[in-house]
Amino acid sequence: MSVTDKSSGNIPGSINLATIRKKLAGTRGREYWKGLEQVAETPEFDEFLHAEFPRLAAMWDRKIDRRTLLKLMGGSVAFAAAGLAGCSRPIGVIVPYVNMPEGEIPGKPMYFATSLTLGGHARGVIAESYTGRPTFVEGNQEHPASLGAIDSYAQASVEQLYDPDRAQVATYRTIPGTWSAFIEQMGFQAAKMKASGGDGFAILTQSITSPSLLAEIRQVQKRFPKARWYRYQPVGREGVDAGAKLAFGERVNTVYHFDKADVIVSLDADFLGLMPGHLAYARQFADGRRQKPGKPIKMNRLYVIAGTPTITGASADHVLPVPSAKIDAVARSLAARLGIGAAGGTTEAQAHWLDAVVEDLKKHYGRAVVVPGDVQPPAVHALAHAINARLGAVGGTVTYTEPLEPDGAGSLKDLTDAIDHNEINRLLVLGGNPVYDAPADLDFAGHYARVEERIYWSHYPNETAYMSYWHVPAAHELESWGDALAYDGTVSLTQPLIAPLYHGHSAYEVLRVVSGANADTDYDVVRGYWRQHYRRYASNGEAFDAFWKRSVQRGLIDNSALPAKTPHLRDDLASRLPQPLFRQRRGLYLQFRPDDSIFDGRFANSAWLQELPRRLTKITWDNVVMLSPRTAERLGIDNKELVVLGYHGREVTGPAWIMPGQPDNAVTVQLGYGRKRAGRLGTGVGFDVYPLRRADAMWFDDGLTLMKTGKRVFLATTQYHQTMEGRGLLRTATLDHFRDHPHWVDEGYPGKPPKLHESLYPEPAEKPPLEYRWAMNIDLSTCIGCEACVIACQAENNIQSVGKEEVLAGHEMHWLRIDRYYSGNMEDPETYFQPVPCMQCENAPCEYVCPVEASVHAEGLNAQVYNRCIGTRDCSQNCPYKVRRFNWFRYQTGRPTSTPVAAENPDVSVRQRGIMEKCTYCIQRINEAKIAADKTDRRIPDGMVETACQRACPTQAISFGDLNTSHSKINQVKDSPLDYEMLAEINTRPRTSYLGGLTNPNPALAKKDKNA
Amino acid sequence: MPQVFRPRANAIARVLIIFAVLFVAIWGAVLWGYYQTPYVGFTGKAPYQPVPFSHKHHVGALGIGCRYCHNGVTKSEFAGIPPTHTCMTCHSQLWTNAPMLQPVRQSLETDTPIRWVRVTKLPDYVYFNHSVHVKNGVPCQACHGRVDKMPLVWKVHGFRMRFCIACHLNPGPHLRPENAVYAMGWKPKIDPKLLAAKLMKHYHIKTAHLTDCYVCHR
Amino acid sequence: MSERGRYGLMAAFADADTLVEASRAAHKKGYRKMDAYTPMPIEGLGELLGCGEREKAKVSWLALAGGVFGGCCAYALQYTSTTLGWYFLSGGKPANSWPDFIIITFEMTVLFATFGAVFGMFWLNGFPKLYHPVFNVERFSRASSDEFFLCIEDRDERFDIEKTREFLEQFKPIEIVEVPK
Amino acid sequence: MNPAADKKSPLMPPDLDLTALSDRLVGIVTTNKTPRSWMYAMAFFIFLTMVYLFSISWVFKTGVGLFGLNIPVAWEFPIASCIWWIGIAHAGTLISGVLLLTRQNWRPAIARFAEAMAMFAIIFAGAYPLIHLGRPWFFYWLMPYPNTQGLWPNWKSPLIWDFFAITSYLLYTTCFLYLDLLPDFGTMRDRAKHRISRIFYGIMALGWRNSAKHWARFDRANMILAAISAPIVVSVTGTISLDLAVTIVPGYHFTIFPAYFVAGALYSGFATVIVIAVPFRKMFGLEDLITPRHIDYIAKVMLGFVLVVDYSYMCEIWTAFYSGAPYYYGVYHNRWFEYYAPVYWTTYFLNIVVPQAMWFKGVRRSVAAMFVIALIADLGMWMERYFIVVTSTNRDYMPSAWLAKLPTGWDFAVLLGSIGGFCMLMLLFIRVLPLISLHDMRKLIIRKKGNVETTE
């Protein structure tokens, strides 16, 4: 981390461009960065041995030296020394540039603003690059969809970039071919197509918001008038569009502004977890809940009508568990209470609940908002629009813009129908993995097989690739140019940090080649597009180069967010609403959800994401069948028991998971598992639920049957005990309680640490006073449990993944874990999250038990010196917070789960087998800052050092800083009456403290008294 | 008869005991000595280089400054090895077809880097930062010795932890005024003790936490 | 009679009582340079044969010396290595956490006391002494199991081969032999 | 010596005189026909030793993850076994030390092999913590020596105390055993048949010639070491208990631990003496030298110590609940009702109920019964060490980190292997040296004759 770069925030644009042009021109990427490595030739070997014993390492890998070593061991040391001092032993090779790129300083990282997309929607990131080797991405503060935060998917992109299982070369019928051969053959066929006007040619894409790529597609359609374009996204938002059409008669893009909202009602919407813009939404939501020093005590209130437990539900003040299928009815009743349409059927309890909610909504006219979930049918969305209009939300808490994606693409169903009518003989699949993730009833694989010419472009040699003729490896987003729209329409630019490692090519190139146009590089295409269209956004009379440089530097095009518009709500909406769904239920409800970690299956081969505990279940490396406790009881199903899901004659078997807060009779399963060709890691993990999915019921349906098998399986969870045993570890209270008892965090909990004189030793034992006293605080009111910090920590600190077996053995390595506790009843419990990093105790119990001073106090922190550790593990035994992690085996290399060496952070040691490791407050960042400050003889300004977890956090729940800097942010936070230290009574004096969690329940529904 | 040994056995026994004691002592001494040998520290011996670049000539005779080639030293943890282009700035004019420089020219033509043999290397778990040292008045010479006297460069110090610690405990004597950091063989004009104290103040160096593990290990 | 001369005159007895009696008499008669050899320690013999309390006390003193040496070194090492030079802060304890140093100090005291006692005893007994004239006596092998020997040495100024033999005869030993050097 | 003892059945056959004693005991070593049973036993234990060596090398190669370890439970079998072995060692030291000071006339018959037992037990005890290291090849960092980093061990760490305690205990025991052997080496030298063995014993005897002067100094040295034995026994197990007691882990952090551990140690140690004595007296026909009365004495001592142990159990529970800290209730809730409860209750049954049988003279005098009880005692004490080590950390402060862990095959392989190795060494020992101290026995015989003052 270079602080100078970050603080001034300047990311030298032209210089980078120069570098990048060079890179693009450069030879094969791999050698490129490898050649720049300023370490010996085989990094993994070095990292392994050097962590162990430098000289041994230097000797061990060469014959002659192995002999010497044996002599040394054999005992004739003097002889060895005398006899061999003569022969010089090269320590290694050092390889400089031939021509150093401008502005490159070997050993210093560079930062590039770029953006990564998920489901077509862009999140702006800043990518860190060490001598041309991307190692880390973090949020781009200037990007509206990121605001400096990042989600786990984006964080793992670095690992994905170096994934050795990525497609390495273009293949024809799975036989390695060449790019040039591909160009040749495509050119030939394009010529043929030209004659037929592209008859029978079709393109299947995922949702695309990229202006330049859309332009390219239009180009193709212009060149081949008969060519067709289809679009399929397993985690699609058809309901949203249809709902808008229903409500307004036109498609719109809905943008929420939770910072303006006092009352929020979520209709099955996981807007903190994974809606487009969820990072921004999380920030807005958290700002509404955070108690600012000196400001009046107030916070927003969140009601969630949840089809299945999500982190949004966990952060809510009131949750109403309702099967997704019945939320339609609930929504109607809610609307009816506001005078819109007719009520749907609701139970007594629900009715009472709704009355209270509606009261609250009415009370906050103009400051309330209703958020429909992406998985909900059009009717719910339409009603939500109507309700928002009725609540005066439009223009305030909700705004509408033009849709991000244009119309004009057919659905997957249209495609399969077309194939049935033999209208398609040439299909180009741009990304996605339809053979795996298409709804089963469409039998895409079967149809795909019937197409004569199948061309596929993607990252992995996956299920679809296996069925395709031509498979062209895709260039990763960190390897190619591009653009995409953020949730609010902001144009975000993607720039490569490295030449494609595996002969990857961009979608532009493929599209052009397939359509027989000249294969320009993605750089030319994207830049060319914006040269034509930049004037709309350029400040008047700005030259394109200046505009381009500015935009690429910032990773986005300034004020390109789509303007708000006010679509006209249909007056006869109520009458147009379709019949309520599921009047009477057959069997159980089946609900699909994208997975917390691997989304729709595209991240299945990422060890980081697979091992990232699922947000609520804390399960790794598996998906489960979620049942409510009552349902499980009724069906006599045991936790972790294999159950057979029967639906429309298809059957799928998976382990049951009894999920507190799951609505009764609703069974939730996660997409993306049971891959057949995902790669070494993803293949065969979990069970595939796409066979149960139908085009007419993408998200939920009834008619599910559940069958016991009696067989139980092992699920690798990272938390086995779910309640807090009444210990005051995590402290929460209601807002009202806080008003009456400002110091509630200390009341009724085990007390403060003992007085100084009670200790045998003079306290605090300190060397001459420290210049900096680093400390952390975590706000439990705003932590939403999204786990972005966990994976950010993993990426920053070279933490290894270990695989399912090791997690089962209790050997997981995450330095930062998020504890999840339940309280209340099983049906709708309160869910609490508590991130637990190292507490950096001042009286650290782990330190004095270490026999070799591997765990000592350094710079006021609780240091773990890896190269000194011999692995007695007494420190972990004596750590009351159990935040230490041990390398039980050789995890760092040679295992499929090992982090790719190139992705590892050169500023942090890679830990060897047999040593203890733990959170260091990102000491490498602190040291960089200290060095930078020391060179100019000034103190580190407040906020210059950000830990990886702090930076990643979407809600800014984590504050970090120096206690010696007066008025530093951390000092302000720690002055809050809510501040408390975990286990203070055992006198460990932690530097990490917490802000007691606050909730704001509705008095009218006085059940949820969160006062622990 | 119960007599098992001859009279001389007593003498022998005593001698053996003395030897045993000496053996242990000597063995310890040998081990200790071994760790000081240049063999273990890689010191004193210049490894063969693809291009016989002579610091003696370039620094000593021509007086080219360290930073001309190692320009990362003030900015980065890594002092930097000059790219081929830096060599060619002069050698495109001078000695343009000296056979000695063939590898350099070839490197430029074929765009393949020169593979120098490493002389000094610290273990991967030691995070040494050149820039902070030179900015605080630690001269190149303190670690790398009189490079201006080395035809091919060799290592002068074993770079053991003790070596680092010794200086981190008491940097004063090693420091130089800012203008002399890159000089070779510089001698203080005033009393070294005075100078040390002055420079410690000048560079704001506080040693209290300079030996904390986290300074070098992460 | 070997060419190396004579070490002394040795008498073997069947039981301990006679041996004690004989040695007492010999001592009264003024013999000083003599030694008794018995399969097991016998109270009082030591005093008679010039290995009295003062002699035994030496062992104790050596043990004490060893203990003191060990203890001091141990504490000194711990104290200096934590307070002088550079040290680490550990668990918020001060550099000289004396209560933590006690145990090692104690262990070392005990260990070196042991060494003092054992090696001191070896040293005082002149071990190793693999060769000794007394072993030249055939019968002497029984000294380590069931017979008791008294040996009056040649170097005693009162020693006179005839008189001494007569003197020993009166205790009716099993056998009297001259011990060659 | 107490006249009462003579009324009871004799501690040794009345007709045993010095000559017969030497003949018998030395005979065991010098005889050419080794007992069949010895052969079979040896073969079996060599096999176990191989298992031991293989498994520790494999762990060394692969990583300690092979053991049943994880993050809350970062210590288990190896540490429990280490404490257990050290405990066994203590009985040997105590018998040859404290019983010597207190002039117990039942000591001589059992002191020698008890002492040997002590030494071998320490060897295996000491090996465990090293096997258990994450990077065992750096074990020497525990020693203070001038090094290139200029670092010293962390003297504040109980593990360093441990290292010093065990090392000095091993050296002490070696000295004590050798000292006690010295006169017997002399005897062996004088009686050995082959020249080679005579030279060997001759060298080991250092020229010991049973001189009264030797005996005088020997006695003094012996007494000093005996006097040291008590403090060293207490300090060593005390120190090891501190590994646990100085931590802040509920379930470890009890001030009663040192006393508690020492008592347990001696209980299991004396039990082991019986376990070893019983087969040996059969194997070499020593029923008349190691008599039921010896067993009886040991049983009484065992009973005494086990009562202290049981008291400590209760005391610990009381402390836990008196502390008023939820974490300490947690420990006992965990031990009583949770995952490891069976271990806990079995331990209590074995260490509280079973030993009460030793109140009955019949049981104490029955060799077979005592053999079984002794085995149970060893098992019970091992299980106690196990549950103390494991059930404290597996559920300590953070409920979210609570996790139980079962031992793996490697745990058992190493444990059984170490037992095998121990037995092998014992068997070897008795074929090389008299398993009963000759000079001590001689003293006893002479004293029976009663008219000579022999020192004690």
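Lettering follows sequence order; numbering is per chain, from 1. Computed from a predicted model, the values in this text were never measured in an experiment.
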Taking atom CZ as the centre, does D/F139 end up with more than 12 heavy-atom neighbours from other residues, nucleotides or ligands that are less than 6.0 angstrom away? no
Nearest-0.5 Å distance, CG of residue D/L206 to CD1 of residue B/I17: 7.5 Å
Checking side chain to side chain contact (heavy atoms under 4.5 Å, CB included) for the pair D/N147/B/Y35: CA distance, chi angles, key distance, verdict? CA-CA 9 Å; D/N147 52 32; B/Y35 275 92; over 6 Å; no
Under 4.5 Å from any heavy atom of chain D, what part of B/F163 do you find: side chain, backbone, both or neither? neither
Just checking D/M143: does its CE atom have more than 12 heavy atoms from other residues, nucleotides or ligands closer to it than 6.0 angstrom? yes
Please state whether the side chain, the backbone, both or neither of D/R195 comes within less than 4.5 Å of a heavy atom of chain B. side chain
Are there more than 12 heavy atoms of other residues, nucleotides or ligands under 6.0 Å from atom OH of D/Y145? yes
For D/I196, does the CD1 atom sit with more than 12 other heavy atoms under 6.0 Å from it, leaving out its own atoms? no
Less than 4.5 Å to any heavy atom of chain B: does that hold for the side chain of D/L151, its backbone, both, or neither? side chain
